[in-house]
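None of these values were measured; they are calculated from a predicted model. Numbered from 1 within each chain, the chains take letters A, B, ... in sequence-line order.
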Amino acid sequence: MELNKTFQHKEAEENWYAHWMQHSYFSSKPDQRDPYTIVMPPPNVTGVLHMGHCLNNTIQDILIRRARINGKNACWVPGTDHASIATEAKVVQMLREKGIQKGSLSREEFLKYAWEWKEKYGGIILQQLKKLGCSLDWDRTTFTMDPDYYRSVTGVFTDLYQKGYIYRGKRMINWDVNAKTALSDEEVIRKETKQQLCFLRYQIEGSEEYIQVATVRPETIMGDTAVCVHPKDERYLHLHGKNVIVPLINRVVPIITDEYVLMDFGTGALKVTPAHDTNDYQLGLKHNLEVIDVLNEDGTLNELAQIYIGEERFKARKKIIQELQEKGLLLKTEEYTSEVGYSERTDTVVEPRLSLQWWVDMKKLVNPALEVVLKEDIRFYPGKFKNLYRHWMENIKDWCISRQLWWGQRIPAWYDEKGNIYVAPTLEDLHQQYPETVNLQLKQDEDCLDTWFSSWLWPFEVFKGYSQPGNQEIVYYYPTNTLVTAPEIIFFWVARMVMAGMEYKKEIPFREVYFTGIVRDKQGRKMSKSLGNSPDLLELIDKYGADSCRFGIMISSPAGNDLLWDESSNEQGRNFSNKIWNALKLLRMWESNGLSEENESENDDFASLWFQNRLSEARTQIDQLFKEYRLSEALKTIYSLIWDDYCSWYLEWIKPPFGEKIKSERYEKAVAFAEELMHLLHPFMPFITEEVYHHLRQRKEGDDLIIRQSKKTENPDNLILQRGNLLKEVITAIRDARTQNQLKPKDAIVLLIESSDHSLYQPFESILKKQINSSDIHYGAPEAKGSITVVVGTDKFYLQGNINADINIQKDTLLKDIAYYEGFLLSVEKKLSNERFIQNAKPEVIDLEKKKKSDAEAKLNSLRETLNAL
RNA sequence: GGACUGCUAGCUCAGUUGGUUUAGAGCACUACUUUGACAGAGUAGGGGUCACUGGUUCGAGUCCAGUGCAGUCCACCA
């Protein structure tokens, strides 16, 4: 079959993915082999594939494919997360565009829309992963709101409630006025924000005197129930026990004292608004202050504010500032920058708000989960995240898990008319467990659970490890091997999965966690939708091919650091594909030219002998790099093995002279090496490798690269490797001399080698001849001048024949070399003549320096001899 | 404010317990080559006082301290 000029990625991708699916190569069932399990971090149903997913899933696919060819039963589980708040926001927006307000719908009606939306868009991201070549076990696709999964979530809630790990309490929470729900601390992003610090005048009751108070949130003054000063602050001693009048609404509130107030910040006088600030709330509790919440759940002012009722909080702020100014109550404003909390999902400023929510008492779960990481039962790559994990775990706070949303697992708590709480996974369970409730008027809690309250069960619940504990699958696949995820969700997800795993399986959920870097653009900016600097991955795959995109992102992905991604790395991947493709074409061309059956002894084929050992050497390196999760370097090693060692050296070495046939044995070896190379590269670039593998030979049904098993790595013969390096060195040096002396490639030379050991060169004489275009090779010293001399090591190579050697060029080169080695020798001699060095350095280091010295001397001798001979 | 990480060629990165040459690779760059696998190529070349300042040591890119710059995470100062 005639091969295309270049690799046609589109056809190959479609064909091979379909072929692999047809043969169920991705699907895994428990068997005698060791499992290798990865659970995919489930992307949000709202998501579309971006560069982060590309990186993350490429890494997972590499690990899975490598495990598969290393004889493991590889199982990679896909799925999606219902993403409570993000999805609900999308659905609300979709409805709004249709002219439907969420508030006008019943819960059931809304959920119907939400499920429709999920069915329509929820699977897109998984389909996109197929384009990337991900070898996921699709039969295992799980959704965090699948019926069984749902029940496990409410089951876990019930269990934790019964153990007393979950409680309901009225506390300050982070309120998202846009999504109208509570958020956990982790869902609040703090950002530096410029604000106006307003200095306000609060009049002392029954006096003309004023006290100054600074605030960045003047719209909350209507919730003030005190002004607080430090008890020792001399400026305010005379005001202790007095009252002040809150501006605009003229509420009379007391001046209280507390050491919490910083005397040197602002004016040293703090307005206390217990309903709208966590610290103020604590102060309020301590001093028994009234809590006046002036905001509605959507962030508008309510009746308790008395003024600007119904106005949005920031509009109200402006108006209040203006009114205060007009009334002379605003003394000044200063620009002030501080950290302000924003909702991770809706990016609106979060309001501290007092409300009744459900909480997990994390102290009950934290210890085993901390221990397994400290003991390194679970290993983090890179290791620096261990400290981060530890710090968070040691300072853990209770987890607010209730959300005022409809999309998600509804909290399985029911209230009777007296306000008693009953908790059970389902209503049926409840009736069964508490028969007295059958006849009660029960009302289920309106709220949903935080998304992460379901995804923390992921590593075991995808195998039904909670709903059917002890089933064959969970026993076989759990603990999983590697978790590959972004460091951003170490607290949201990783830590909580460890807790859930330890609590419910009494075992770690995964043995190793590989944290990927953040994908940044060329300017180092984080890729994000809002910046619009995130390229469309599907377009890239279409343009360069999935293999090239995988190559591109992996080659620029240093272990444990962020990666700066640039489209040109895809070009490098494409060029590499093309290089491989052309090597294949060369092999096929040789075959179609016919093979020569002429015999040759093993010793005649130095090239294959060398490459065999070079391959073993590379394999050893790659094995080690994989162990350390240095995937980028493993890829670089393979890249150079294929491009430099196989294509540039090996294939050139075995290439038959033009018009001649290649010897059959050599050809067979070259094909076998190509198979090995494709096998090594396959985890990184699955499509082209499978395609090439099938072009190399006729394959039987089921002989596919994706399942071909690796051989044991053999130790390389270092002597052979050294000989190979010598050969390369000599070729390079002579080629260099040829160029410098302007010899044309066509001009053949005669090579004379002067060496103390001719046997060094004899094994690869024929290769050398071909590579430097030499008609003949002799050994010995030159009889006359006029040749070009090249020194490699201490051996001399004379290029003779019909040439005009330019003595000056050679002199320049030699003098440069001599200067270098003289300098080098000087530094070594300096070291060796230093008595303290001789006294203190290890003997092997001294020996080494001595060897360096004698080597350099010998080299200098050779160079000087050569110079003199000119 | 606290903690962590990084700073090596134009760019992205290696450099493993301090001594294997007077610091490497890949891209990019420059020159030359060009009908026999591949111009998406080949051959060669230029390019770095290893962020800075001190210190330890016979010896520092590597260890220590400080400084600077960048980034990440954490923290309730109005």
Side-chain angles (χ1 to χ4, degrees), chain A residues 3 5-6 172 190 197 213-217 228 260-262 265-273 277-282 336 338-339 341 352 382 384-385 387-388 391-392 395 487-488 490-491 518 520 522 524 526 555-566 568-569 571-572 574-590 593 628 630 632-633 636 639-640 643 647-648 651-652 655 658-659 732 735-736 738-740 742 744-745 820-821 823-828 830-831 834-842 844-846 848-849 851-853 855-856 859:
Chain A
L3 290 176
K5 199 166 158 30
T6 54
M172 289 302 275
R190 294 186 180 275
L197 183 61
V213 166
T215 180
V216 290
R217 298 197 298 159
C228 188
Y260 162 77
V261 178
L262 301 170
F265 189 90
T267 60
L270 171 71
K271 73 185 209 55
V272 185
T273 322
D277 185 279
T278 315
N279 298 308
D280 291 9
Y281 180 66
Q282 294 306 323
Y336 179 74
S338 66
E339 301 263 317
K384 64 180 174 186
F385 289 109
N387 283 333
L388 194 64
H391 183 259
W392 188 74
N395 296 287
E488 294 141 51
I490 184 169
F491 308 133
I518 296 165
R520 298 175 180 280
K522 232 179 156 180
K526 202 167 161 175
I555 204 75
S556 48
S557 173
N561 280 321
D562 289 357
L563 65 105
L564 272 97
W565 185 88
D566 181 18
S568 66
S569 66
E571 281 173 34
Q572 204 189 337
R574 186 197 52 196
N575 294 355
F576 185 41
S577 299
N578 188 238
K579 187 74 187 176
I580 293 168
W581 190 250
N582 277 293
L584 168 71
K585 273 172 65 184
L586 179 64
L587 289 172
R588 295 304 309 270
M589 196 189 77
W590 287 345
N593 287 346
E628 296 163 7
R630 300 169 73 158
S632 178
E633 279 173 72
K636 279 175 190 160
Y639 176 81
S640 145
W643 199 305
C647 294
S648 298
L651 286 181
E652 294 298 333
K655 186 185 264 180
F658 186 63
T732 308
R735 277 181 181 165
D736 189 19
R738 290 188 65 123
T739 332
Q740 287 201 22
Q742 293 174 319
K744 295 212 170 104
Y820 174 85
Y821 281 101
F824 175 62
L825 187 63
L826 208 67
S827 79
V828 176
K830 204 173 138 195
K831 225 185 237 187
N834 183 336
E835 271 176 46
R836 302 179 70 181
F837 171 70
I838 303 293
Q839 280 165 15
N840 292 312
K842 281 181 270 179
E844 56 267 35
V845 173
I846 295 172
L848 190 74
E849 291 300 319
K851 188 173 180 306
K852 280 199 227 167
K853 185 183 169 194
D855 283 356
K859 179 84 190 179

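Aromatic ring orientation, A/Phe265 versus A/Tyr336: perpendicular (interplanar angle above 60°, classes split at 30° and 60°). Under the 30°/60° scheme for interplanar angles, the aromatic rings of A/Tyr820 and A/Phe824 are found to lie parallel.
For the OP1/OP2 pair of B/G15 and a distance below 4.0 Å, the side-chain nitrogens and oxygens of A/Arg630 include at least one atom meeting the criterion. Side-chain N/O atoms of A/Ser338 include one lying less than 4.0 angstrom from OP1 or OP2 on B/A78. For B/A41, the OP1/OP2 oxygens have a side-chain nitrogen or oxygen of A/Asn575 closer than 4.0 Å. OP1 or OP2 of B/C58 has at least one side-chain nitrogen or oxygen of A/Asn840 nearer than 4.0 Å. Not one side-chain nitrogen or oxygen of A/Lys636 sits closer than 4.0 Å to the OP1 or OP2 atom of B/C13. Phosphate proximity of B/A41 to A/Trp581: absent, as no side-chain N or O sits under 4.0 Å from OP1 or OP2. OP1 or OP2 of B/C27 sits under 4.0 Å from a side-chain N or O of A/Tyr639. Residue A/Tyr336 has a polar side-chain atom (N or O) positioned under 4.0 Å from OP1 or OP2 of B/A78.
Between A/Lys5 and A/Asn582, the closest heavy-atom pair is O-OD1, 4.2 Å. Nearest heavy-atom pair, A/Phe837 versus A/Lys831, reported as atom, atom and distance to 0.1 Å: CD2-O, 3.2 Å. Scanning both residues, A/Ser632 and A/Ile555, for their nearest heavy atoms gives OG-O, 3.4 Å. The shortest heavy-atom contact between A/Ser556 and A/Leu564 is CB-O, 4.1 Å. Nearest heavy atom pair, residue A/Ile490 against residue A/Phe385, reads CD1-O, 4.0 Å. Shortest non-hydrogen contact noted between A/Cys647 and A/Leu651 is O-CB, 3.7 Å.
Backbone-only engagement by A/Trp643 is indicated by non-hydrogen atom pairs under 4.0 Å involving sugar-phosphate atoms exclusively. The residue A/Lys655 sits close to a base: some heavy atom pair falls under 4.0 Å. Among the heavy atoms of the strands lying under 4.0 Å from A/Arg735 are primed sugar atoms or P, OP1, OP2 only; no base atom is included. Counting non-hydrogen atoms under 4.0 angstrom, A/Val261 reaches a base of the nucleic acid. As judged by a 4.0 angstrom heavy-atom cut-off over every strand, A/Leu388 is placed among residues touching the sugar-phosphate backbone only. Counting any heavy atom pair closer than 4.0 Å across all strands shown, A/Cys647 reaches a base atom. Residue A/Thr215 is in sugar-phosphate contact alone, with no base atom involved, counting any heavy-atom pair closer than 4.0 Å across all strands shown. A/Gln740 comes within 4.0 angstrom of nothing in the nucleic acid, heavy atoms only.
In this structure, CZ of A/Phe265 is placed 13 Å from P of B/G1, rounded to the nearest angstrom. What separates NZ of A/Lys585 from P of B/A41 is a distance of 14 Å, to the nearest Å. B/G2 atom P lies 24 Å from atom CH2 of A/Trp392, rounded to whole Å. The CE atom of A/Met589 sits 9 Å away from the P atom of B/G36 (whole-angstrom rounding). Between the CD atom of A/Glu844 and the C1' atom of B/G19 there is a distance of 10 Å, rounded to whole Å. Distance, A/Ile580 CD1 to B/A37 C1': 14 Å, rounded to whole Å. Here B/C73 presents its P atom at 12 Å from CD1 of A/Ile490, a figure rounded to the nearest Å. Counting to the nearest Å, the P atom of B/G18 and the NZ atom of A/Lys831 are 14 Å from each other.
Between B/U35 and B/A41, the distance separating the two C1' atoms is 14 Å to the nearest Å. Taking atom P in both B/C32 and B/A25, one finds a spacing of 24 Å when rounded to whole Å. When the C1' atom is compared between B/G47 and B/U8, the two are found 14 Å apart, to the nearest whole Å. If you take atom C1' in B/G26 and the same atom in B/U62, they sit 23 Å apart, rounded to whole Å. Taking atom C1' on both nucleotides, B/G1 is separated from B/C64 by 26 Å, rounded to a whole Å. B/U16 sits 25 Å from B/G55 when the C1' atoms are compared, rounded to a whole Å. Straight-line distance between the C1' atoms of B/C69 and B/A51: roughly 8 Å, to the nearest whole Å. Nucleotides B/C29 and B/U12 have their C1' atoms positioned 15 Å apart, rounded to a whole Å.
When both pairing distances are held under 3.5 Å, B/C76 makes no Watson-Crick or G-U pair with any nucleotide shown. Look at B/A70: its Watson-Crick or wobble partner, with both distances under 3.5 angstrom, is B/U5. With a 3.5 Å ceiling on both atom-pair distances, B/U56 lacks any Watson-Crick or G-U wobble partner. Nucleotide B/G36: unpaired (no Watson-Crick or G-U wobble partner with both distances less than 3.5 Å). Taking a pair to require two hydrogen-bonding distances under 3.5 Å in either a Watson-Crick or a G-U wobble arrangement, B/G24 pairs with B/C13. When Watson-Crick and G-U wobble pairs are counted only if both distances are under 3.5 Å, B/C29 pairs with B/G45.
When the nucleotides B/A78, B/G19, B/A37 are ranked by their closest atom to the side chain of A/Tyr260, B/A78 comes out on top. When distances run from any side-chain atom of A/Phe658 to the nucleotides B/G45, B/G40, B/G36, the shortest one goes to B/G36. Here the side chain of A/Glu849 is nearest to one of B/C13, B/A78, B/G19, namely B/G19. Closest approach to the A/Asn834 side chain among B/U72, B/C58, B/A37 is made by B/C58 (side chain taken as heavy atoms from C-beta onward). Among B/G19, B/C74, B/U5, the nucleotide with an atom closest to any side-chain atom of A/Phe491 is B/C74. Of the candidates B/G19, B/C76, B/C74, the closest approach to any side-chain atom of A/His391 belongs to B/C74. Closest contact between the side chain of A/Ser648 and the listed nucleotides B/C38, B/U43, B/G19 involves B/U43.
Between the side chain of A/Lys579 and the base of B/C38, a donor-acceptor pair under 3.5 Å is found. In terms of polar N and O atoms assigned as donor or acceptor, the side chain of A/Asn279 comes within less than 3.5 Å of the base of B/C76 in a complementary pairing. Residue A/Gln572 places no side-chain atom within donor-acceptor reach of the base of B/A28, judged by atom type and a 3.5 Å distance cut-off alone.
Side chain of A/Arg738 to backbone of A/Lys744: a donor-acceptor contact under 3.5 angstrom is found.
Taking the nucleotide of RNA chain B with the nearest heavy atom to each of A/Asn387 and A/Ile555, the more 5' of the two is matched to A/Asn387. Checking A/Leu197 against A/Thr6, the closest nucleotide of RNA chain B that is more toward the 5' end is the one next to A/Thr6.
Ion pairing between a basic and an acidic side chain is recognised when a charged N comes within 4.0 Å of a carboxylate O; A/Lys655 and A/Glu652 show such pairing.
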